[in-house]
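Below is one structure, written out as structure tokens; comments come after it.
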Amino acid sequence: MHQMNPQQAHHNPKEDFKLKDTNPRLGERWPMGAARGSGGWISGDKYTSTYDLVEQMYYLYVRVVKAKELIPTDPITASCDPYVEVKLGNYKGTTKHFEKKTNPEWNQVFAFSKERVQSTVLEVFVKDREMVARDAWLGKVVFDLNEVPTRVPPDSPLAPEWYRLEDHRGIKVKGEVMLAVWMGTQADEAFPEAWHSDAASVHGEGVFNVRSKVYVSPKLWYLRVNVIEAQDLEPNEKSRLPEAFVKAQVGNQVLKTKVNPTRTMNPMWNEDLIFVVAEPFEEHLVLTVEDRVHQTKDEVLGRAVLPLTLFEKRLDHRPVHSRWFNLERFGFGVLEGDKRKELRFSTRVHLRGCLEGAYHVMDESTLYISDQRPTARQLWKQPIGILEVGILSAQGLLPMKMKDGRGTTDAYGVAKYGLKWVRTRTIIDSLSPKWNEQYTWEVYDPCTVITIGVFDNCHLGGSEKPNGGGSGRDSRIGKVRIRLSTLETDRIYTHSYPLLVLHPSGVKKMGELQLAVRFTCLSLINMIHLYSQPLLPKMHYLHPFTVNQLDNLRYQAMSIVAVRLGRAEPPLRKEVVEYMLDVDSHMWSMRRSKANFFRIMFLLSGLTAIGKWFDDVCHWKNPITSVLVHVLFLILIWYPELILPTLFLYMFVIGIWNYRFRPRHPPHMDTKLSWAEVVHPDELDEEFDTFPTSKTQELVRMRYDRLRSVARRIQTVVGDIANQGERLQSLLSWRDPRATSLFIIFCLCAAVTLYVTPFTIVALVAGLFMLRHPRFRSKLPSVPSNFFKRLPARSDSML
């Protein structure tokens with residue numbers, strides 16, 4: 001991880017951690033299509049043009065299609081190894097080269113930022129790759145930039161043309177190259193596939209490492225395997241009955257049933273084993289029936305390898321038909337290492353398996369979930385909105401590695417929402433990169449979160465890290481989460497978000513990320529209706545998983561997503577996927593424990609404030625307030641039908657009053673809420689420790705004692721809550737015969753009194769008694785409190 005220099009090591013001022021309003025020049029339609037509002041822009045047209053949430057940038061595009069009739073440079077093969085070099089001032093881009101081909105086809109696009117153009121001439125060279133000597137020159141084509149046409153989408157693509165090659169004196173030579181040259185913006189369809197002058201090295205071979213890319217998460221299913229029974233198991237020792245269990249494996253996921261309690265050749269289990277699998281189904285379900293011979297020794301009695309395509313896809317909770325599968329048994333031959341396969345058709349296992357399509361397979365934390373749709377596409381509903389995000393730029397990024405003796409950063413952004421991941425192009429060697437890329441997602445539920453992260457590309461040179469660490473992993477610069485339900489519809493939010501990362505030395509601001517966000521509602525009725533629906537598909541409530549199952553399945557789902565996205569080109573690396581999905585959110589952290597404790601205290605502070613205010617009223621600390629409360633109380637007693645209307649009217653007035661104090665920007669990472677500004681260094685060191693721990697025994701003992709002290713306080717609070725509940729339960733349980741006798745006699749008297757006395761009188765007497773003047777109060781605890789505290793609790797039975 002990056003280590004800051006001494007002047008950076010101090011915590012930044014708190015205002016540096018705040019969200020900042022920005023005013024970028026977004027698109028050409030802003031003057032007519034939008035108006036500036038408080039905290040953002042209000043869109044005048046719901047369906048504005050693509051790329052209207054980013055600053056418009058112009059690029060010189062050069063499409064190199066192919067060449068023909070090139071001059072052969074090798075007299076033996078009468079061929080050449082051609083490639084094309086596109087040069088604009090100090091910037092060069094090269095295509096891949098072909099061996100022994102005079103009619104090559106490249107079909108590559110180069111984009112040069114207009115802001116960095118320092119030449120009036122574009123030169124396209126066709127060269128021959130020489131392994132020993134200098135590359136031979138086959139010809140060139142020169143373009144005057146003043147004559148290059150400008151193309152603005154949705155214009156038709158510019159058709160490439162054949163150009164005759166010239167030598168260094170401008171004389172036409174043999175050979176032609178097909179090119180298309182035009183000036184366009186990032187809205188051009190060639191933009192994602194182009195080699196960029198501000199996002200690649202001098203040579204175009206690494207173009208795939210820096211391009212922008214859209215990824216789609218693999219389609220995940222829950223595989224439910226109900227292991228019912230097995231028949232005619234044959235142990236290796238004929239003198240004993242097997243103590244059988246079933247082990248199932250899909251990829252690296254291994255689950256086992258319980259050992260059958262009775263020794264029999266026809267055991268029964270009837271247990272569900274749940275796996276996470278991804279389409280296309282590459283793994284198989286490997287089922288083995290094993291015999292527990294010894295506590296440390298298991299013997300395989302049979303094995304079956306089942307392709308996942310055998311199992312039907314279930315879209316509801318209807319029962320699935322069970323099937324019998326034959327087990328294969330493996331025995332040893334006469335010679336050691338000689339295996340022969342014996343098919344035992346009499347040995348079978350009874351399964352009921354299906355691919356669950358009505359569940360949502362969770363691959364991210366439920367706190368920051370971005371999608372709740374079930375797996376089966378047939379169960380999806382229509383989208384209720386469109387989310388558009390413009391990833392504009394970053395400012396003040398810290399150097400993440402050393403290159404040529406100086407700090408540098410090769411930054412790219414990643415955004416994840418639903419099944420769609422996007423990755424911006426990598427801006428080379430810039431601490432203030434400008435991407436200006438816009439992406440769109442369909443929204444199916446507003447109560448979801450989009451996550452946007454910024455990373456340093458470690459595969460473009462500069463492997464020397466500031467802290468001496470090795471390369472190979474893309475370093476995290478920070479991330480931003482935005483909950484869609486906090487956004488007003490049809491408003492463009494333009495803010496600069498602080499990029500905060502927690503390091504072993506404390507929280508550090510790694511820079512700022514400038515975004516433009518717009519949430520467009522397609523159907524207000526459907527969106528309002530969603531607030532009355534369950535958060536997850538109904539199968540999660542009809543047949544729920546246990547908490548441990550959900551944790552294990554989520555971890556497996558994250559691993560599968562990371563592996564599949566890591567196989568794309570360019571790969572979305574494992575460390576990036578894990579950081580975006582919060583893979584380590586379940587790890588213990590003293591800092592998080594403190595933060596959650598103070599969150600609870602903040603919530604309880606409201607109730608505490610109400611209780612203190614009521615106690616002041618009862619003790620007449622402010623006589624005027626106490627008199628007004630008496631008057632309100634008497635009115636509500638004589639007119640009880642006004643109680644509920646008054647309560648709801650009061651909440652309505654409070655809600656209207658709070659409207660003017662409503663938040664004007666999306667939430668962002670809060671260092672104070674996270675308890676990251678004043679965290680102790682040792683607690684940070686514990687949070688970044690490995691699992692299992694790699695620290696010394698003395699340090700682990702100290703941390704264990706500290707954890708015990710925290711757990712002791714939590715244990716005391718939870719125990720007090722349990723005691724109060726058990727005392728309330730013991731009122732009628734006859735655990736204390738005298739207390740229960742007194743209570744039931746009181747209940748009988750209270751029932752008779754309330755039956756003959758109007759409720760108005762009872763409420764009036766009770767209210768006036770609670771609001772009585774301190775002159776009529778005793779400093780001793782009340783009789784009901786004394787009685788309740790004397791009731792028995794089950795703490796007496798605790799060891």
Side-chain angles (χ1 to χ4, degrees), residues 2 54-55 57 59 61 91-94 108-113 115-116 186 188 190-215 389-404 406-416 421-439 451-466 471-480 499 501 510-515 565-566 568-577 579-580:
H2 170 68
V54 293
E55 295 183 357
M57 300 177 66
Y59 292 87
Y61 289 96
Y91 295 101
K92 295 180 182 179
T94 58
Q108 286 186 232
V109 181
F110 300 86
F112 298 89
S113 176
E115 294 181 354
R116 301 190 179 188
Q186 70 266 47
D188 200 293
F191 180 83
E193 65 181 30
W195 174 96
H196 289 269
S197 60
D198 61 348
S201 57
V202 173
H203 298 288
E205 302 292 342
V207 61
F208 294 106
N209 292 327
V210 296
R211 280 181 181 168
S212 58
K213 180 76 173 179
V214 176
Y215 305 84
V389 177
I391 304 177
L392 303 178
S393 62
Q395 294 86 29
L397 298 184
L398 298 181
M400 303 301 295
K401 57 194 173 191
M402 302 299 293
K403 184 186 297 183
D404 300 329
R406 59 183 180 84
T408 184
T409 297
D410 303 326
Y412 67 91
V414 175
K416 196 268 183 189
W421 298 66
V422 299
R423 167 180 171 156
T424 69
R425 67 191 191 281
T426 300
I427 305 298
I428 302 296
D429 194 12
S430 176
L431 300 182
S432 298
K434 291 184 179 182
W435 295 287
N436 283 301
E437 298 182 22
Q438 183 172 338
Y439 299 96
T451 304
I452 303 150
V454 181
F455 302 87
D456 172 61
N457 194 327
C458 68
H459 301 277
L460 299 176
S463 60
E464 182 186 351
K465 297 286 182 178
S471 62
R473 293 174 61 88
D474 288 355
S475 302
R476 57 184 69 170
I477 299 178
K479 64 182 173 184
V480 174
L499 295 172
V501 172
M510 310 297 290
E512 295 181 357
L513 176 64
Q514 189 174 354
L515 300 175
L565 294 181
E569 183 58 48
L572 198 59
R573 310 192 69 82
K574 179 182 178 182
E575 61 270 17
V576 173
V577 176
Y579 182 58
M580 297 290 288

Query raised in the report: Under 4.5 Å between any side-chain heavy atoms of Val414 and Val422, yes or no?
Result: no
Requested in this report: Just jot down the side chain to side chain donor-acceptor pair (under 3.5 Å) partners of Asn436, sequence neighbours excluded, or say none.
Outcome: none
Query raised in the report: Under the salt bridge (Lys or Arg N to Asp or Glu O under 4.0 Å) test, which residues partner Glu575, sequence neighbours left out?
Result: Arg573
Query raised in the report: Between Val577 and Leu565, what is the shortest heavy-atom contact and its length?
Result: CG2-CD1, 4.0 Å
Query raised in the report: On the ring face of Tyr215, is Arg423 found with NZ or CZ under 6.0 Å from the centre and within 45° of the axis?
Result: no
Report task. Using side-chain contact (heavy atoms from CB on, under 4.5 Å) as the criterion, list what pairs up with Asp429, not counting sequence neighbours. Result -> Arg406, Thr408, Asp410
Query raised in the report: Could you give the distance from OG1 (Thr426) to CG (Asn457), rounded to the nearest 0.5 Å?
Result: 4.0 Å
**Report entry** Nearest-0.5 Å distance that lies between atom CZ in Phe455 and atom CD1 in Ile477
**Finding:** 8.5 Å
Query - Euclidean distance, Lys434 NZ relative to Gln186 CD, rounded to 0.5 Å - result: 12.0 Å
Query - Residues that Lys416 engages under side chain to side chain donor-acceptor pair (under 3.5 Å), provided they are two or more places apart - result: Glu364, Ser370
Query raised in the report: About how many Å separate OG1 of Thr451 and NZ of Lys479, when rounded to the nearest 0.5 Å?
Result: 6.5 Å
Requested in this report: State, with a plain yes or no, whether a side-chain heavy atom of Leu499 is found less than 4.5 Å away from one of Leu397.
Outcome: yes
Query raised in the report: Among all residues two or more places apart in sequence or in another chain, which pass the side chain to side chain donor-acceptor pair (under 3.5 Å) test with Glu437?
Result: Arg425, Tyr439
Query - Exam field: side chain Thr409 to backbone Leu398, donor-acceptor pair closer than 3.5 Å - result: yes
Report summary line: Between the CG atom in Asp474 and the NZ atom in Lys574, the distance rounded to the nearest 0.5 Å is 14.0 Å
Report task. Applying salt bridge (Lys or Arg N to Asp or Glu O under 4.0 Å), name anything that partners Lys213, two or more places apart in sequence or on another chain. Result -> none
Requested in this report: Using the six-membered ring wherever Trp is involved, compare the ring planes of Tyr61 and Tyr59 and label them parallel, tilted or perpendicular (cut-offs 30° and 60°).
Outcome: tilted
Requested in this report: For residues Met510 and Arg476, determine if any side-chain heavy atom of one lies less than 4.5 Å from a side-chain heavy atom of the other.
Outcome: no
**Report entry** Interatomic distance, Met57 atom CE to Glu115 atom CD [nearest 0.5 angstrom]
**Finding:** 5.0 Å
